[in-house]
Structures are given as C-alpha cells and as structure tokens.
Amino acid sequence: AQKVTQAQTEISVVEKEDVTLDCVYETRDTTYYLFWYKQPPSGELVFLIRRNSFDEQNEISGRYSWNFQKSTSSFNFTITASQVVDSAVYFCALSEAQGGGADGLTFGKGTHLIIQP
Amino acid sequence: NAGVTQTPKFQVLKTGQSMTLQCAQDMNHEYMSWYRQDPGMGLRLIHYSVGAGITDQGEVPNGYNVSRSTTEDFPLRLLSAAPSQTSVYFCASSPSGNTYNEQFFGPGTRLTVL
C-alpha cells in the first residue's frame with residue numbers, strides 16, 4: 001500500500017532563512033504522481049506542484065524548488081529566503097497509476113511551517 | 001467560474017442527527033471526491049466518483065453516503081452523526097477521471113458533532 005511520510009511535524013525559522021520540507025513516499029507502482037499542496041491559515045488548499053515518476057528533473061519556481069529523487073523515494077520542497085507569507089501547513093501527496101488513479105490521493109500528515117519575522 | 005463550492009462553511013450537529021454537506025463544481029470535471037482532515041492526520045479519502053452515476057469508497061467511508069446524479073454535484077450525507085465525525089471536510093474535483101492531475105479543492109466545511 002502507498003504511504004507518504006512527512007517526518008517534520010513543525011518547523012520554525014526566522015524570515016529570510018532557507019528551509020527544506022521533507023517528503024518520503026512508498027509505492028509498489030512504477031507509475032505514480034507526486035504533489036505538494038499549501039494550506040495557509042485561512043484553510044484552503046493551494047496546489048503547488050505535480051511531478052510524475054518518469055520526470056526526475058528538479059524544478060524551480062521563484063523562491064520554491066523541488067528535489068525529486070527516486071533512488072531515495074523522496075520529493076523534498078525548499079523555500080529560499082522565506083517570508084512570513086510562507087507560513088502554512090504543507091502537504092505532500094501521492095497518486096498511484098494502479099487502479100486507474102481513481103482511488104484518491106494519499107496525503108502525508110503535513111508540516112506546519114512557521115516563519116518568524 | 002466559481003470553481004468548487006461547499007455549503008455550509010460551518011455546522012454543529014448533535015449526536016444522531018443527519019445532514020448533507022453540499023459540493024458543486026462548474027468546471028465540468030468528471031472526477032470528484034470527499035476528504036476529511038483531522039489534526040495531525042493529513043487528509044483522508046472518504047468517497048469518490050469518476051462520473052455521474054458512479055461512486056466508490058475511499059479509505060474511511062463508514063458513516064457516510066454519497067451519490068452523483070449530475071456531473072456538477074456530489075453531496076456527502078451523514079446518516080447518524082457521531083463525535084468521531086467532527087472534522088473539516090473538503091470536496092475536490094479533477095478534469096481527468098483520476099487523481100493524476102491537480103485536484104481543485106473547495107473551501108471546506110468545518111463540522112462539529114456534540
């Protein structure tokens with residue numbers, strides 16, 4: 001069965017520091033999709049990125065970057081020069097191709113990121 | 001487009017009461033799903049639907065019913081509310097018939113069962 005582990009329950013850093021959120025996944029499928037979502041204090045879920053299992057290229061979007069390594073089953077998320085607005089709960093999630101991908105996303109338990117001014 | 005809408009935003013029930021959480025999307029998405037979010041648990045799938053007339057159970061379906069009579073609507077029914085169903089409920093939709101792509105989430109319904 002698939003599983004997503006976000007071992008960091010809470011991280012607190014001072015503004016402008018770089019911070020990395022870890023995500024480790026387990027799956028028997030060779031085709032799968034990984035996601036990161038942000039949940040700010042207002043409660044909505046905001047999509048950040050999607051990555052399929054065949055694309056190990058790292059991605060950078062502004063201050064955000066993602067490092068996908070199949071060898072270690074990890075999909076880590078780094079925020080460079082953090083800002084107070086980055087304070088949120090961040091979820092990593094997995095969708096397997098087995099079953100046609102219909103049976104939902106498997107979410108990690110989330111990492112609560114606190115950026116102190 | 002309004003995207004995914006959920007009503008109500010907040011609800012308080014007494015044990016044993018029933019209610020329906022509404023979810024609607026105006027993006028013509030085939031795939032819709034319901035998740036519950038509990039502190040320290042992430043989101044867990046309750047039920048999902050790959051199209052009108054088709055529903056299936058997720059990880060935590062007990063105590064909940066769903067139906068999908070139209071592409072737009074996917075209501076979640078609590079037949080006899082229990083304190084263990086106190087949670088935040090999110091509805092989501094996706095343009096493909098699966099979860100390979102971005103899921104569009106509604107704003108959530110915060111439910112308290114006393």
Side-chain angles (χ1 to χ4, degrees), chain A residues 1-10 21-25 27 29-55 59 61 88-112, chain B residues 2-6 9-10 23 27 29-51 54-61 64 66 68 74 76 87-111:
Chain A
Q2 66 269 36
K3 184 179 178 181
V4 176
T5 301
Q6 294 181 256
Q8 303 151 309
T9 304
E10 183 174 290
L21 310 182
D22 298 332
C23 173
V24 175
Y25 61 92
T27 177
D29 219 333
T30 56
T31 303
Y32 51 89
Y33 300 83
L34 294 163
F35 303 82
W36 277 94
Y37 282 86
K38 174 183 180 180
Q39 187 175 44
S42 51
E44 74 272 24
L45 286 155
V46 179
F47 168 80
L48 294 178
I49 191 171
R50 165 189 177 269
R51 173 69 71 219
N52 73 57
S53 54
F54 300 107
D55 181 4
E59 180 149 344
S61 177
V89 179
Y90 291 87
F91 291 100
C92 181
L94 166 70
S95 173
E96 294 182 323
Q98 185 179 10
D103 45 355
L105 294 174
T106 297
F107 282 85
K109 295 183 178 181
T111 296
H112 184 198
Chain B
V4 180
T5 58
Q6 291 183 238
K9 289 188 176 181
F10 302 94
C23 174
M27 299 173 282
H29 287 175
E30 291 296 322
Y31 186 91
M32 296 186 74
S33 56
W34 276 101
Y35 291 84
R36 60 178 288 172
Q37 181 181 14
D38 301 297
M41 295 292 293
L43 281 78
R44 292 180 293 168
L45 182 68
I46 304 171
H47 285 284
Y48 65 91
S49 169
V50 297
I54 306 170
T55 64
D56 208 340
Q57 297 180 352
E59 179 186 355
V60 288
Y64 308 95
V66 292
R68 185 94 179 271
F74 190 43
L76 178 72
S87 188
V88 180
Y89 291 86
F90 287 97
C91 178
S93 72
S94 174
S96 57
N98 52 49
T99 54
Y100 297 163
N101 296 298
E102 174 188 354
Q103 302 295 296
F104 292 78
F105 284 88
T109 294
R110 184 175 293 275
L111 175 68

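In what follows, chains carry the letters A, B, and so on, assigned in the order in which the sequence lines appear, proteins first and then strands, with residues in each chain numbered from 1.
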Atom group of B:Phe90 that falls short of 4.5 Å from chain A, counting heavy atoms: side chain
Between B:Tyr35 and A:Gly104, is there a donor-acceptor pair closer than 3.5 Å when you use the side chain of the first and the backbone of the second? no
Given a strict heavy-atom distance threshold of 4.5 Å, which part of A:Phe107 is in contact with chain B: side chain, backbone, both, or neither? both
List the residues meeting ring pair (Phe, Tyr, Trp, His ring centres under 6.0 Å) with B:Tyr89, not counting sequence neighbours, and say none if there are none. B:Tyr64
Verify the neighbour count for atom CZ of A:Arg50: are there more than 12 heavy atoms of other residues, nucleotides or ligands below 6.0 Å? yes
So does B:Glu102 get a backbone contact from the side chain of A:Tyr33, meaning a donor-acceptor N/O pair under 3.5 Å? no
Got a donor-acceptor contact below 3.5 angstrom from the A:Ser95 side chain to the B:Thr99 backbone? yes
Bottom line for A:Gln39: the part with an atom under 4.5 Å from chain B's heavy atoms is side chain
Among residues 38-47 of chain B, which residues come closer than 4.5 Å to chain A, judged by heavy atom distances? B:Gly40, B:Met41, B:Gly42, B:Leu43, B:Leu45
Chi angles and distances behind the side chain to side chain contact (heavy atoms under 4.5 Å, CB included) call for A:Tyr37, B:Gln103: CA-CA 10 Å; A:Tyr37 282 86; B:Gln103 302 295 296; 3.4 Å; yes
Most chain A-contacting option - heavy-atom pairs closer than 4.5 Å, from B:Gln57, B:Gln37, B:Glu59: B:Gln37
